[in-house]
Q: 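The structure is given below, and queries will be raised subsequently.
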Amino acid sequence: MSKPKPLTGEQRIWQVCLMIPEGKVVSYGQLADLAGLPGRARLAGRAMRTVPEEMALPWYRVLGAGGRISLPKDSPGYREQQYRLRQEGVEVNGSRINMNRYQWQPDLAELLWQLPF
DNA sequence: ATTGTGACTTCGG
DNA sequence: GCCGAAGCCACAA
């Protein structure tokens, strides 16, 4: 049998992002942590920027620390993120989202069970 | 090889 | 709130 090629950091980030439930959000840093890559918030940001179009990833559920939309306020992406979040019931005030209410807090044991790594 | 650039985060002022 | 510095590291030049 061939050796299972280890997933790249970006791929692991994508895998976890795919599991964020509707109506919930995470921060870049949290996403990296959940992917087993502590301290790699920047990589999570990069992963969201380079998502393959065909892989319908809920990138809009990923926010900056403290619940802020990280995209430039005048960009189409910023408006799309606001729109998509609101579409699934997340309250958005400008670029702010209340993390106390919408942050995803997965059961770690269950998460581990689901992940392909 | 070195340098600059990020959808980042935390800390100190 | 806003800023700079530091820590992070893949990637392009």
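Worth saying up front: this structure is predicted, and the values here are computed from it rather than measured. Below, chains carry the letters A, B, ... as their sequence lines are ordered, and counting in each starts from 1.
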Q: Rounded to the nearest 0.5 Å, what separation is found between the CD atom of A:Glu22 and the CD1 atom of A:Ile20?
A: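 Between A:Glu22 CD and A:Ile20 CD1, I get 12.5 Å after rounding to 0.5 Å.
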Q: Using a cut-off of less than 4.0 Å, is there contact between a side-chain N or O of A:Ser27 and OP1 or OP2 of B:dC8?
A: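 A:Ser27 to B:dC8 OP1/OP2: no side-chain N or O under 4.0 Å.
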Q: I need the single residue from A:Val16, A:Val25, A:Leu63, A:Leu43 that forms a side-chain contact (heavy atoms from CB on, under 4.5 Å) with A:Leu31. Which is it?
A: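 So the option named by the test is A:Val16.
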Q: Take the protein atom CG of A:Asp74 and the nucleotide atom P of B:dA7, then report the distance between them rounded to whole Å.
A: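 These atoms are roughly 13 Å apart.
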Q: Would you mind checking if A:Arg86 and A:Glu91 are paired as a salt bridge, meaning a charged N to carboxylate O distance below 4.0 Å?
A: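 Judged by the 4.0 Å cut-off on N to carboxylate O distance, A:Glu91 and A:Arg86 do not form a salt bridge.
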Q: Provide a list of protein-nucleic acid N or O atom pairs under 3.5 angstrom, restricted to nucleotides 1-4 of chain C.
A:
none

Q: Rounded to whole angstroms, how far apart are CG on A:Leu63 and P on B:dA7?
A: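 Atom-to-atom, A:Leu63 to B:dA7, this comes out as 16 Å.
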Q: Let me know the distance between CG of A:Leu85 and P of B:dA7, rounded to the nearest Å.
A: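 Atom CG in A:Leu85 sits about 19 Å away from atom P in B:dA7.
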Q: Take atom CG of A:Leu71 and atom P of B:dG6, then tell me their distance rounded to the nearest Å.
A: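 Spelled out: CG on A:Leu71 to P on B:dG6 is 14 Å.
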Q: Supply the atom-to-atom distance A:Ile97 CD1 to A:Ser27 OG, rounded to the nearest 0.5 angstrom.
A: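 Nearest 0.5 Å value for the CD1-OG distance: 12.0 Å.
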Q: Whole angstroms only, please: what is the CD1-C1' distance between A:Ile13 and B:dA7?
A: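 The distance from CD1 of A:Ile13 to C1' of B:dA7 comes to 12 Å, rounded to the nearest Å.
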Q: Using the C1' atom as the reference point in each nucleotide, state the distance between B:dA7 and C:dA13 in Å, no decimals.
A: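 Per the computed distance, 22 Å lies between those C1' atoms.
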Q: Quick one: does NZ or CZ of A:Arg12 land under 6.0 Å from the six-membered ring centre of A:Phe117, within 45 degrees of the ring axis?
A: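 Yes, A:Arg12 sits over the ring of A:Phe117.
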Q: Once you round to the nearest 0.5 Å, how far does CD1 of A:Ile69 lie from CD of A:Glu80?
A: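 Between A:Ile69 CD1 and A:Glu80 CD, I get 11.0 Å after rounding to 0.5 Å.
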Q: Could you tell me the separation between the OH atom of A:Tyr28 and the C1' atom of B:dT9, rounded to a whole number of Å?
A: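 A:Tyr28 atom OH is separated from B:dT9 atom C1' by 12 Å.
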Q: Determine, stepwise, if the pair A:Ser70 / A:Tyr78 fulfils side-chain contact (heavy atoms from CB on, under 4.5 Å).
A: CA-CA 8 Å; A:Ser70 289; A:Tyr78 176 92; over 6 Å; no
Q: How would nucleotides 8-13 of chain C be written as a contact map, 5' to 3', with B for base contact, S for sugar-phosphate-only contact and - for no contact, using protein heavy atoms under 4.0 Å?
A: BSSS--
Q: Taking atom types as modelled, find out whether A:Gln103 and A:Gln30 have a side-chain donor-acceptor pair closer than 3.5 angstrom.
A: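 Note: A:Gln103 and A:Gln30 side chains meet the donor-acceptor criterion.
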Q: Looking at A:Glu88 and A:Lys24, does any basic side-chain N land under 4.0 Å from a carboxylate oxygen?
A: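 Judged by the 4.0 Å cut-off on N to carboxylate O distance, A:Glu88 and A:Lys24 do not form a salt bridge.
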